[in-house]
Amino acid sequence: MTAPTQGILVIVLAAAVALGFGIGGYRVWKLYRYMRLGWDEDRSDRPATRLRDELVIYLGQSKLFKRPYLVRGLAHALIFWGFLVITLGTVDLLLNGIFGLHVPGTETGLFAWTIDLFAIAVLASIALAGVRRMFFRPPTMHVAPGGYVILVLIGVLMLSLLVFESAGIAAELVKQGFTPPPLAGLFAPAVRGPYAHLVFAGAWWVHVLTVLAFAAYLPHTKHLHIVTTLPNVLFRSQRPRGALRAMADLEEQETFGAATMRDFSWKQHLDGYTCTECGRCSDQCPALATGKPLDPQKIVLDVRDLLLREGDLLMRDVHASGTPPAHQTETKPEELWACTTCAACVEACPVTIEHVDKIVDMRRFLAMMESAAPPEAQRALTNIERAGNPWGESREARADWADGLEIPTLAEKPDAEYLYFVGCAASYDRRNQRVAKALAAILRSAGLSFAILGREETCNGDPARRIGNEYLWQIQAQANIEAFDRYSVRKVITSCPHCFNTIANEFPQLGGRYEVLHALTLVDSLIKEGRIRMAREGPVDRGNVSGHPERTTSSVDLAGGREVVAYHDPCYLGRHNKIYDAPRAVMDAVPGVERVEIEPHHRERGFCCGAGGGRMWMEEQVGQRVNHRRIDQLRAAQADATKVASGCPFCLIMLEEGVGAKGLQEQVRPVDVLELVASRLEGSADASH
Amino acid sequence: MKLLVCVKQVPDSTVRVKVAGDQKAIVPEGVTWAISPYDEYAIELALEHKDANPGTTVGVITVGPPRARDALRQALAMGCDDATLVTGADVETLGGLATARALAKVVDEATPDLVLCGKQASDDDQGFVGQALAETLGWPHVAIVTKFVASDGGTEIWKEVEGGHEVWKASGPAVLTVQKSQKDPRYPSLPGIMKAKKKEIPEKDLASLGADLGGPSVEIRAMEPPPARKAGRVMKDGDPKALAAELAKLLRDEARVL
């Protein structure tokens, strides 16, 4: 089709293009410069993976297709793919209009059909979206007027496209030799006649001017995400999800953490531009779900809005620093402290925004610059500093759990193949000491060569890092790296996902590189290798591996028959480290255990126990306790489960607290998966000795 | 106002202290050291005054072995302006009176408006040095302090008593032994820690102070760990009301806590 841009109209078109793209481009330029106020974070590593992510996540829209958003995800994907194709057509229109050129391929029947079908899909999707927003709006969705403006603009674009295609066919401007596309072909007869050329020209101009209005309008709204998602996905963090960003050279820096717009990186600002305000992160946040003031979407938008407000001032005056977000009336410290760093928000976000890093960076400012971490959290950190564990228990008591079990320390057995890094919880918390004993019994029964650090073990600093005290984490991590290297440790086993995460994913930032396995991954392999034998039946109460008479409420007993056990995904094992299958495989291998799931809140959508992000050491003052909500979910999904198993000491503590507080001790008992295995170990009754 | 805080470095409360073979001292190996908790309150009280009255300076001193520098660095990181270490031969076995006399020499030189210490150290709990220091200086002393405010012609000092406070007024320099600060002792910020690392901590030699380090002192004859805890009693069988009555009786008559 030839564009209706004869004579002076070419000039008009060129001017309109300049105006549309000029206004839009000016805004983009400004936003770019604001973004560059952020510091220069290097996101150039792993280019091949970045490209792959771009194809899968951006082009493939993969993160849109997550439950429970499958239909909505499809609608959006169609709009997006439609737009890609139609944009090609738009480029062709403009080129054609100004220079009389055509983009190769846009004159083909295939192209006309593709455009047509996508136009239908897009129209259907926006109709769906419009109806939903007007008549079936979910309570968490807030629709600004701009939302409707965009829907109308898109609608106009699609309709005008269809009209001028129809008119074009009617005016026989289309090359002969192919079947007209469905909708365009449908309209064609309706626009036959002497006015077909006029209709064509009219629709053409409406379409082009709408496109240009779009170009001018887009960068002033959240719909800029259409453009910014491309770089946002390309430059997403390729660190393991559980690893927070390293802070090098603490000794040389003068400020720590994110307080002003200059303290966030350019990528964090790009995150702000890319937020589509879809609310999927808010939907998944356990803090928001239980009435805490934290809303991950709000955090992202607060920083964005502050950048837009302060951008001009900061660009003008290189010495100005602006006001820290945590001092604004918008983002209050309690919002930041409510985060459990469970990363459900990061998992849910279709455009790869990194909420957790932003929150921790702001915590870093509060914790290290202002010493303003919540007092109970600070006490835990002081305890780590002075006693090597957040509980403040004596260093000398660290290996007391192993008394009488004859577990060698590395000092006694320096050639042990594995180091079992016990962690503070299993060392000092009575309930979790049983898990350490269970693991020791399992490793012994499998004939594994292992040792512990004993009194030389100290906290690896994970709580400190999550709370934002990077300095203390570095001290603790370094102390452990030194101890590991003193014994030339190569392989490390942990029974705690937090220990696992920091040793495996974060110690390398300080030069400590080891082969790290969570106990359940190891036990899974050992079972598959046939190195662990489990009996269906055995002496009752053998799960009480320590041999001491203790409360039977939390010991694993061995009923002869089947027991229904629900699996609870620990966030730092599952979402952070993608270990979903090994614990399940281990459970499935335990005779007499029937594994059930806490649907829909399982695997990637697992609901946090509430203890992550240093929150184990903080009080919950508002709303329902996160762990109590989790118990509610468990009981709603699997009322028959007599046990709930996880692979994390914090989860165990939180689930025990929740069960106890709700008086459900007789109905369901929290256990560690390792305890299920240990209680069925074949061999002598005293499998632990 | 010029404030001077005297602190003592003691084993951290999480340390399981072991008695040495000669039963006269603790085993120093493996001990984590910290500022004595009441001294921390004293530092905090001084810093709170500084926050409210810019222009206040807070100096901190300790009499102790070289490792006590760490305690001083912690105080500097919290926000104190300067620190001094008084050390020398036999400083670890220095008695309370000698310590007070040594501190008095430093105070004479420094001429602060107020001296603050914790009311007692958490290792020996003698509660002596602050009072002895006041006596040696000839200054008035207020104990169990929780608050002080500069006022016309002196300082108003709050002393905690059972059920309330007494408010005293010192018309000149005084020694305060501190019970508690208004807020919990502040945690050092990282910039504070970094700055403290670089600060110079001058040393004064104990012997050259010219204090009389002889004189009456306390000699430790023997030291032993507390007796091992006996097993507790579990009371579970029976009517709750009867159990409660029995428990109350035991708490009053046997445990003597009621």
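All values derive from a computational prediction rather than experimental measurement. Here is the naming used below: chain letters follow the sequence lines, and residue numbers restart at 1 for every chain.
In this structure, chain A has no heavy atom under 4.5 Å from any part of Lys195(B). Looking at Thr382(A), only its side chain comes within 4.5 Å of chain B, counting heavy atoms on both sides. When heavy atoms are compared at a cutoff of 4.5 Å, Arg364(A) does not approach chain B at all. With a 4.5 angstrom heavy-atom cutoff, Glu254(A) touches chain B only via backbone atoms. For Arg186(B), no part sits under 4.5 Å from any heavy atom of chain A, backbone or side chain.
With salt bridges taken as basic N to acidic carboxylate O contacts below 4.0 Å, one links Arg69(B) and Glu203(B). Between Asp82(B) and Lys199(B) no salt bridge is recorded (no basic side-chain N to carboxylate O distance below 4.0 Å). Salt bridge status for Lys2(B) with Asp113(B): absent, with no side-chain N to carboxylate O gap under 4.0 Å.
Ranking Ala367(A), Pro375(A), Ala397(A) against chain B, the residue ahead of the rest is Ala397(A), based on heavy-atom pairs under 4.5 Å.
Classified by interplanar angle (parallel below 30°, tilted 30° to 60°, perpendicular above 60°), the ring pair Phe507(A)/Phe484(A) is tilted.
Cation-pi geometry between Arg67(B) and Trp33(B) is satisfied (NZ or CZ under 6.0 Å from the ring centre, within 45° of the ring normal).
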